[in-house]
Structures are given as structure tokens and as C-alpha cells.
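Note that these values count all heavy atoms, side chains included, but never hydrogens, waters or copies made by symmetry. All figures in this text were calculated on a predicted structure; none of them were measured in a lab.
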Amino acid sequence: MAIFSKPGVPRFTVEVYQNAHLPEGGREVDAIVTVTSTGGGTTGETPIPAQLSPSAHTPREPGPDAAVVIMVDCSGSMDYPPTKMRNARDATAAAIDTLRDGVAFAVVAGTHQAKEAYPGGGRLAVAGPVTRQQAKEALRKLAPGGGTAIGTWLRLADRLLESSDTAIRHGILLTDGRNEHEEPEALRATLDACAGRFTCDARGVGTDWEVKEVTGIASALLGTADIVADPAGLAADFTSMMRATMGKEVADVALRLWTPLGAEVRFVKQVAPSMEELTGRRTESGPRTGDYPTGSWGDESRDYHVCVRVPSAAVGEEMLAARVSLVLPAPDGSTPRALAQGLVRAIWTDDLAASTSINPQVAHYTGQAELAEVIQQGLDLRKSGDVDGATAKLGRAVQLANRSGNEDTAKLLAKVVDVVDAATGTVRLKAKVTAEARMTLETRSTKTVRVKK
């Protein structure tokens, strides 16, 4: 494990967990890379181990500039029931109250087109007592009516965020319906255009929205996605999201992977606190070197699964299979700053026990990846009417959740199937499943639990 610390940048550490031993002729190397950031003063999604947490008596350094745009669905469906729009206004007001003084912000009203609700004029306001009050007064004018074209909301948010020269650029998006007034290709093009420019948390309120749309937005823009089935819970959720955003200290951190001549990267995935495929997001950054985006960081810890295929070698030989670094781009375009580094090794052995042992962290997250996959497959099969297929997949999900100690997912599965034997994955599909239960399971299927080290 290597650690680098720079003034004004949180302290990052990289730890590598792997079984480095391969049998003669073995080529595939798996490692779990744990990245931890401390020193920002506000925790993110994943708690920091107590021994790594900054002292409660350590004063927090002033955070970097940040800009936030809140996109509120104001389509006609937000009027059913009428309390939904009121809850959305209240939640946005609560989020505005959570903004740190000096943060740039704006509110966008989203229908089949995007409009600036506050402050207007293609600009951002600066958070303070006066602007917070003005923004909350502007929220009272939001009224439901019109369709839904989420891509236009994101495009406007991007333009507004671009107007501010800030380190942290973040969006919060709320919708209650499907993206019916925009072609899927248009939304995809928008997400491609916005990726890397700002991060975005997406929330679906009620049960009439499309899970894959909301989770796809969050995935493309490196944010979180969740369901708020009861609109009354929006204020608490928005407040929590904004607090997490205010805790971000550094943006655009990249996971840099160098591999030796003859080696190739099979995949790179974030595996905690949630599953996120990063392999296809690689950008070349040098000879045999590629960068994978990780977004913004506060005080938090995340795990990544790295798999590298190396040239085969004889027993007794050893090689560096990969060098994993955390890098931060320099504002002037010069050489990125190294934040932390870890090494992935390969050692060839004829010791059968050593070469066949699976590292506990690798085994755990391989199971968590399968868990997320079989939940999605099971729900899709259930929707298509394939009872036997759905039962088999969701039964396997119950077995994996039980084996890994993923209690939250196990509870969500129990609302979709009757569990006969969790250890063997014996289940029966429930005859009636609420939309809330199904959508909550699908939305949260990629959330993982940390391996007990």
C-alpha cells in the first residue's frame, strides 16, 4: 500500500487483496482494490473504518467550490396525487437549506422542455440567506403540467454547471414518470455528452417510472439511484443527498491501471458500495496505461475488482501484473498528481493448495456480482411470464444473499418470493407482488455489502 498526500487534497490510500499464486501456465489474475479517502470531514455512502477516520477534534479545511443543479419533475403526472408536487417542492427547499454558503446552485423545472425556475438568465446563484429564501419563494410557483423529456433537463443542467468554474459539479434529478416525450436514443446521446462533465444522483418517486431509465442516468453520470415510493419521504432523501454532495472534496479522480507488455485488462468494476461496470469507460493515458473514471470523493471507501490476463510463465517466476494508481488531473493540463498506488502481482507455483485458493475478497465480490445479475434476470423472466426461470434465478439470488450476509437484499427478495430454504435457494414466487416491492428490489439490486476482512 502506498499513500500520497498533497495540501488541499484528502488523503487517499490503496490496498490490494489477492491470491498472487498461479499454477504453471496460469494467466488470469484477480484483485480487489480498496480505495479510501479521509480528511474531508463528511462521510459518503460507505462508512470509513474507525481506525482510518479523522479525529473528531480535527478542524475541517474549507471545501472546494461546488455547483449544484436540482432538476424537479413538473410534468402533469406530478399532480396525481396533488401532494406529490408539494412534497417535491418541500424536498427541494430542504436540499437548498442544506447548501453550504458560497456554493453555486440553480433549480430547473422539467417537463417536455426544461425551464430555469431559479435564478434564471442562464446563470447560477450563490448560496446565502437571501438567495436561499428567494429560491424557496420561486419553488412555490412550480406547478404540474406537460410531458417528460429528461434529456432536455440534463442538457440545461450541463449548460448551467458549465457557467461556473467549480471543482465539484453535481446534479440531483427527480422524476415520477417515464421519458415518454423523448426518444431513447436522444437520452442516450445526452448522457454520453454529459458523462465526465458532472455527476448526478437520480430518484424515482412513486411507482410509475421506469427503473432502467433512472438507474441508467445515475450509472452514466457516476451518481446514485434510488426509489422514494412514498413522496412524503422526499425531503429526508433530498437532504441526505445534498449533505453527501457537500461532503465531496475532490472531483475527477481516475483509477489508473498500468499493465506490462503482453498483459491485457479483462475488466475493471466498482464492486462496493454498489456494482458499476467501468471497463468500457477506459481512456488511454500512456503506453499500456488507461484511466477509469471514479467521480467525486469525500470521506468514503470503495472497492474495485480488477482482472488482468498476463503471459504464462514457468514455476518460480514472478511479475508485476498491474500497477493501480489514483490520479487527479492538474488544472493546467500538466502531469496528473498521484494520490495513492498499489501493486497487483503474479507468482507461478506448483503448490496446488496455494494456486487454487480463492482470495476471500475476490470470492465475496464475485458472488455479489452474480447476485445483482440473477436478480435482474429473475425479475425480467417474471415479467415475461416464465415462472420456472424466474423461480430458479430468484432462488439463486436468495441463496447468494444469505451466503454473503446481504441482509438488506434478502429482505427485499422476501417481498417477491416466499423463502422455503435460504441456504439451498428454494423459493416460491409470490402470487401478488406490489409495484413498490418489485421496483425497490430492481433499483437496489446493485447495492453490495463489504466483505468482512
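With respect to the salt-bridge test (charged N to carboxylate O, under 4.0 angstrom), the residues Arg396 and Glu373 do not qualify. Checked for salt-bridge contact, Lys212 and Asp380 meet the test: a charged N lies under 4.0 Å from a carboxylate O. Contact check on Glu162 versus Arg197 returns a salt bridge, with a Lys/Arg side-chain nitrogen under 4.0 Å from an Asp/Glu carboxylate oxygen. Taking 4.0 Å as the cut-off between side-chain N and carboxylate O, Arg382 and Asp386 do not count as a salt-bridged pair. Salt-bridge annotation for Arg444 and Asp226: present, with a side-chain N of the basic residue lying under 4.0 Å from a carboxylate O of the acidic one. Taking the charged nitrogens against the carboxylate oxygens, Asp176 and Lys84 do have a contact shorter than 4.0 Å, which makes a salt bridge.
Crowding of Lys136 atom NZ: a count of heavy atoms from other residues, nucleotides or ligands under 6.0 Å exceeding 12. For Gln133, the CD atom sits in a packed shell: over 12 heavy atoms of surrounding residues, nucleotides or ligands are nearer than 6.0 Å. Atom NZ of Lys430 is surrounded by more than 12 heavy atoms from other residues, nucleotides or ligands within 6.0 Å. Crowding of Asp101 atom CG: a count of heavy atoms from other residues, nucleotides or ligands under 6.0 Å exceeding 12.
For the residue pair Glu277 and Val268, the shortest heavy atom distance occurs at OE2-O, 3.3 Å. Here the shortest heavy-atom pairing between Gly122 and Leu160 reads C-CD2, 3.6 Å. Smallest separation of non-hydrogen atoms from Glu182 and Gly151: OE1-N, 2.8 Å. Gln376 and Glu442 make their closest contact through NE2-O, 3.2 Å (heavy atoms, listed as atom of the first residue, atom of the second, distance). Smallest separation of non-hydrogen atoms from Leu257 and Arg282: O-NH1, 4.3 Å. Thr131 and Gly128 make their closest contact through OG1-N, 2.9 Å (heavy atoms, listed as atom of the first residue, atom of the second, distance).
The six-membered or imidazole ring of Phe105 lies near that of Tyr118, with a centre-to-centre distance under 6.0 Å.
The closest donor-acceptor contact from the side chain of Gln399 to the backbone of Ala423 lies under 3.5 Å. At least one donor-acceptor pair closer than 3.5 Å links the side chain of Thr294 to the backbone N or O of Val253. Using a distance-only test at 3.5 Å, with no hydrogens or angles considered, no donor-acceptor pair links the side chain of Arg281 to the main chain of Pro293. Side-chain N or O atoms of Glu300 include one that pairs as donor or acceptor with a backbone N or O of Gly298 at under 3.5 Å.
When the options Thr175, Asp73, Leu174, Asp237 are evaluated for a side chain to side chain contact (heavy atoms under 4.5 Å, CB included) with Val205, the one that passes is Leu174. Across Thr446, Thr409, Asn406, Thr448, a single residue satisfies side-chain hydrogen bond (donor to acceptor under 3.5 Å, both in side chains) together with Gln368, and that is Asn406.
Taking the ring axis of Trp209 as reference, the NZ or CZ atom of Arg203 does not stay both within 45° of it and closer than 6.0 Å to the ring centre.
Using a 30° and 60° split on the angle between ring planes, Phe12 and Trp297 fall in the perpendicular class, above 60°.
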List the steps and the verdict of ring-ring contact (aromatic ring centres under 6.0 Å, His included) for His305 and Phe267.
CA-CA 8 Å; His305 187 171; Phe267 62 77; 4.9 Å; yes

